[in-house]
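To keep things clear, I will list the structure first and then write my remarks on it.
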Amino acid sequence: QVAESLNLPLPNLVERKKTAGASVIPDEDRQCGECVEKEASSYCPQCEANYCGECFENVHKRSKILKRHQASPLIDSEDRRMACVSHNGRPFDLYCTQCDESICSFCVTDIHKGHQFVTLASKNKELEAKLDPTMNAAIDVVNQLKASKEMLD
């Protein structure tokens, strides 16, 4: 229910809990992936790389294919997991079952056109139902290990 109320896919929610309190943007994400000297100012979703303005232009203007790439605003690593970089940070609201990933409603008309999808809420319910027994089994194993350790001490 927590994941559903946050409108997040459950695996992302678990990952968020793991990284809570950690630095949101690692140093390597702050710098341009090309020159590694300047601070990045944009993100190319097709290249999956951060660029300073100069490097984005230099890298992408030399190639017919790369010329089609569009720079997106630089989004913090944490936000990138929760928003669509292909559609300017639009929030995820669907889940593509064919690609096994969260998508925004705009993705349905281009990147994931013709794919099968469900709402994030329904995917979260499905994953939550699978997570509960797994968590209970993990708790049982931890308790067994603690009991074994106490017997050895």
Side-chain angles (χ1 to χ4, degrees), residues 1-135 137-139 141-142:
Q1 286 181 349
V2 173
E4 182 180 334
S5 66
L6 291 174
N7 201 27
L8 297 172
L10 199 56
N12 285 354
L13 181 66
V14 172
E15 186 61 31
R16 276 183 70 131
K17 286 186 178 185
K18 282 192 222 169
T19 59
S23 173
V24 174
I25 308 173
D27 287 339
E28 63 270 12
D29 282 352
R30 292 179 192 266
Q31 65 188 23
C32 174
E34 187 68 20
C35 70
V36 297
E37 295 170 2
K38 297 180 183 173
E39 188 170 332
S41 59
S42 63
Y43 176 76
C44 179
Q46 294 89 348
C47 296
E48 296 184 355
N50 293 335
Y51 293 98
C52 65
E54 185 179 341
C55 286
F56 183 87
E57 290 302 318
N58 289 337
V59 167
H60 290 82
K61 73 179 176 184
R62 293 188 182 123
S63 164
K64 280 184 190 178
I65 294 171
L66 296 180
K67 279 182 184 178
R68 297 181 205 150
H69 291 189
Q70 302 245 335
S72 296
L74 189 60
I75 301 170
D76 291 349
S77 298
E78 187 75 12
D79 293 338
R80 201 178 294 150
R81 286 196 298 256
M82 298 166 38
C84 182
V85 294
S86 299
H87 296 108
N88 295 321
R90 189 171 180 79
F92 292 134
D93 51 357
L94 301 168
Y95 190 84
C96 178
T97 56
Q98 189 170 333
C99 298
D100 198 27
E101 65 183 357
S102 301
I103 62 173
C104 78
S105 55
F106 285 11
C107 288
V108 175
T109 62
D110 55 21
I111 301 167
H112 296 270
K113 190 174 187 174
H115 294 190
Q116 297 294 314
F117 56 90
V118 296
T119 65
L120 275 182
S122 64
K123 183 64 177 177
N124 287 343
K125 283 180 184 177
E126 174 192 329
L127 293 173
E128 194 170 21
K130 291 178 182 178
L131 184 62
D132 285 342
T134 304
M135 289 294 287
I139 290 168
V141 168
V142 168

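What you see below is based on every heavy atom in this structure, not just the backbone, and it leaves out hydrogens, waters and symmetry mates.
Closest approach of Asn50 and Ala40 over heavy atoms only: CB-CB, 3.5 Å. Heavy-atom minimum distance, Cys47 versus His69: SG-ND1, 3.4 Å. For the pair Leu94 and Ser105, the tightest heavy-atom approach, listed with the atom from each and the gap, is CD1-CA, 4.0 Å. Scanning all heavy atoms of the two residues, the minimum distance from Ser122 to Val118 falls at OG-CB, 3.5 Å. Annotation for Leu120 and Tyr95: closest pair CD2-CB, 4.1 Å, computed over non-hydrogen atoms. Annotation for Thr109 and Lys113: closest pair O-CD, 3.8 Å, computed over non-hydrogen atoms.
Taken to the nearest 0.5 Å, the CD1 atom of Ile103 stands 9.0 Å off from the CZ atom of Phe92. Rounded to the nearest 0.5 angstrom, Cys52 SG and Lys38 NZ are separated by 5.0 Å. Here the CD atom belonging to Gln70 is positioned 11.5 Å from the OG atom belonging to Ser42, to the nearest 0.5 angstrom. Atom CD1 of Ile139 is separated from atom OG1 of Thr134 by 11.0 Å, given to the nearest 0.5 angstrom. Expressed to the nearest 0.5 Å, how far CD of Gln46 lies from OG of Ser86 amounts to 6.5 Å. The CD1 atom of Ile111 sits 9.5 Å away from the SG atom of Cys99 when rounded to the nearest 0.5 Å.
The pair Lys125-Glu128 does not meet the salt-bridge criterion, since no charged nitrogen lies less than 4.0 angstrom from a carboxylate oxygen.
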### Task
Take Glu101 and His112 through the side-chain contact (heavy atoms from CB on, under 4.5 Å) test and state the conclusion after the steps.
CA-CA 10 Å; Glu101 65 183 357; His112 296 270; 2.9 Å; yes
### Cys96 and Cys107: CA distance, side-chain angles, deciding distance, side-chain contact (heavy atoms from CB on, under 4.5 Å) verdict
CA-CA 9 Å; Cys96 178; Cys107 288; over 6 Å; no
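Under the rule for a side-chain hydrogen bond (donor to acceptor under 3.5 Å, both in side chains), the partners of His87 that lie at least two apart in sequence or sit in another chain are Asp110.
By the 30° and 60° cut-offs, the orientation of the rings of Phe56 relative to His60 is parallel.
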